[in-house]
Amino acid sequence: MGLTSQLTAQNKLVVNADPVKTTISRHIYGHFSEHLGHCIYGGYWVGEDSPVPNTRGIRNDVVKALKEIQIPNLRWPGGCFADEYHWMDGIGPRAQRPKMVNTHWGGVVEDNSFGTHEFLDLCEQLGCEPYISGNLGSGSVEEMSKWVEYITFDGESPMANLRRQNGRNEPWKVKFWGVGNESWGCGGNMTPDHYADLYRRYATYCRNYGDNRLYKIACGANEADYNWTETVMKNVGGRMQGLSLHYYTIPTGNWGNKGSATRFDESEYFNTLARTLFMEELLTKHSTIMDRYDPQKRIGLITDEWGIWTNVEPGTNPGFLYQQNTLRDAILAAVNLNIFNAHADRVKMANIAQTVNVLQALILTENEKMLLTPTYWVYHLYKVHQDATLLPLSLACNKYELNGKQLDAISASASKDNSGKIHITLVNIDPNKTQQIETELRGTTATKVSGKILTAGKINDYNSFDNPNTVEVTDFKGAKLSGGKLNIALPAKSVVLIEIE
Ligand code: AHR
């Protein structure tokens, strides 16, 4: 009898602590930051002369907060911006760097004061891996090739010498390298066949210098464009190490009026969760195509843009994509991270859009002030899964029902870390009912359990500069061990982390 069929109707969770050997890559907990609105400028970069405490121009408070969640990687400089970015404009003395117009994002002046050196300094301060998105849309093969050489070559060469002239002797190590972004849209409106040919050409000249090994990531599909995945897998295959996927959750499903970040009713909440759960189907179907061409799963599926995208906050620049962040967004993030974990055999990286002040941000800043959003606290809870071993689980759960439609009320994920501790992350998406869960832990004897919970009074509660702790993590006392079973009372609209020793 299979695991699922042994379960009866009500909220039963079986966690198998004898794991199959799938590691949850820490890079699933990755980030994305673009030259867009106040993500880079104001969000990270304030300049050396700013009254905001900084290290070489980079905000100390933001670095500290992101180190706290063990940020594993940061994707930059875009997004759509990447395919208009010419990296040579962003090196050398800042006062002499040319200015450009940021056509995608508000038509504002980009003064290039944050460029390659500043980004790689940021990554060093964060202790995370850089993920650089190269310009295939409007840049040349030579330009991309020289960027790799500038950053990673140790010997005598025009680009390595230029880097030294600009103050950096040692090359940096850069592994993750994107070859174009959204080449089906803002990155050049290409067909998959045309893109695959261009990828092969550009990627040829992105060299591995010394012991630096690039992990080249090809532009992948927009949402359910399975033909894109099929064509790139067929025509590029092992020439890439990763293939991306972009999927944003639009609360209303209407790009023209996406819905407010903070003012929504339960029906819109339900629809938002239903839309975000589509990620499961997307990963399954794209993975199935990849499996046909790459049964050994050598090529990673890289979900390098995902998250909730709402209308901007009233009165803010529509091109800056500034939105608040509620308990709904935390629940959405937690559900997606559980889904990525479940697909960890194929999904090797995911990058929520866009870390600071843009879209589903973890951090909002206002001059010298900074606040941590509910989504930030999900990453704080979930950092225990980074590089842990995935534990297979089986869940039979109640439904969250509204207006004749239903969704599974509970989402779960489990892993075992290096020290042998088991962590289960649980989400109760039902905003009205507590869920009682009887959990069986197979292959382990639990003696100690503790927990943390993220919840709030309302699904649209959020943290503001006046009230920064409305949605926060507290201790969770609703998990009890009894007769070898773990009984959990999972409160409505909550994200819970359980630690078992
Ligand atoms: O994250 C905002 C934008 O969404 C990115 O620039 C682009 O890649 C995507 O369309």
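Worth knowing before you read on, the calculation uses all heavy atoms, side chains too, and leaves out hydrogens, waters and symmetry mates. Please read these numbers as outputs of a predicted model, since none were measured by experiment. When a ligand or atom number is given, it counts from 1 through the structure's own listing order.
- Shown in contact with Gly79 at under 4.0 Å from a heavy atom are these atoms of ligand 1, numbered in order with element: 5 (C), 6 (O), 8 (O).
- Cys pair Cys123 and Cys128 fails the test of SG atoms under 2.5 Å apart.
- Looking at atom 1 (O) of ligand 1, its nearest protein heavy atom turns out to be Tyr248 OH, 2.7 Å.
- Looking from atom 10 (O) of ligand 1 to the surrounding protein, the closest heavy atom is Glu182 OE1, 2.7 Å.
- Among all non-hydrogen protein atoms, the one lying nearest atom 7 (C) of ligand 1 is Glu305 OE1, 3.3 Å.
- No option in Asp225, Asp304, Asn222 other than Asp304 meets the side chain to side chain donor-acceptor pair (under 3.5 Å) test with His246.
- The ring of Trp177 has its center no closer than 6.0 angstrom to the ring center of Tyr131.
- The N/O atoms of Ala353, backbone and side chain alike, include none that comes under 3.5 Å of an N/O atom in ligand 1.
- Near Asn181, meaning under 4.0 Å from any of its heavy atoms, are these atoms of ligand 1: 8 (O).
- Around NZ of Lys458, the count of heavy atoms belonging to other residues, nucleotides or ligands within 6.0 Å does not exceed 12.
- The pair Arg163-Glu149 fails the salt-bridge criterion, with no side-chain N (NZ, NE, NH1 or NH2) lying under 4.0 Å from an Asp/Glu carboxylate O.
- Of the protein's non-hydrogen atoms, the one nearest atom 2 (C) of ligand 1 is Gln354 NE2, 3.5 Å.
- Judged by distance alone, with hydrogens and angles left aside, the side-chain atoms of Lys216 form a donor-acceptor pair with the main-chain N or O of Cys206 at under 3.5 Å.
- Between Glu143 and Lys146, no side-chain nitrogen of the basic residue sits less than 4.0 Å from a carboxylate oxygen of the acidic one, so the salt-bridge criterion is not met.
- Close approach to Leu359 involves these atoms of ligand 1, each under 4.0 Å from a residue heavy atom: 1 (O), 2 (C).
- Side-chain contact annotation: Tyr248 with Gln360, donor-acceptor N/O pair under 3.5 Å absent.
- Between Trp309 and ligand 1, no pair of N/O atoms sits closer than 3.5 Å.
- By the criterion of a heavy-atom distance under 4.0 Å, the side chain of Phe32, and not its backbone, is placed next to ligand 1.
- Taking every heavy atom of Cys80 and a limit of under 4.0 angstrom, the matching atoms of ligand 1 come to 5 (C), 6 (O), 7 (C), 8 (O).
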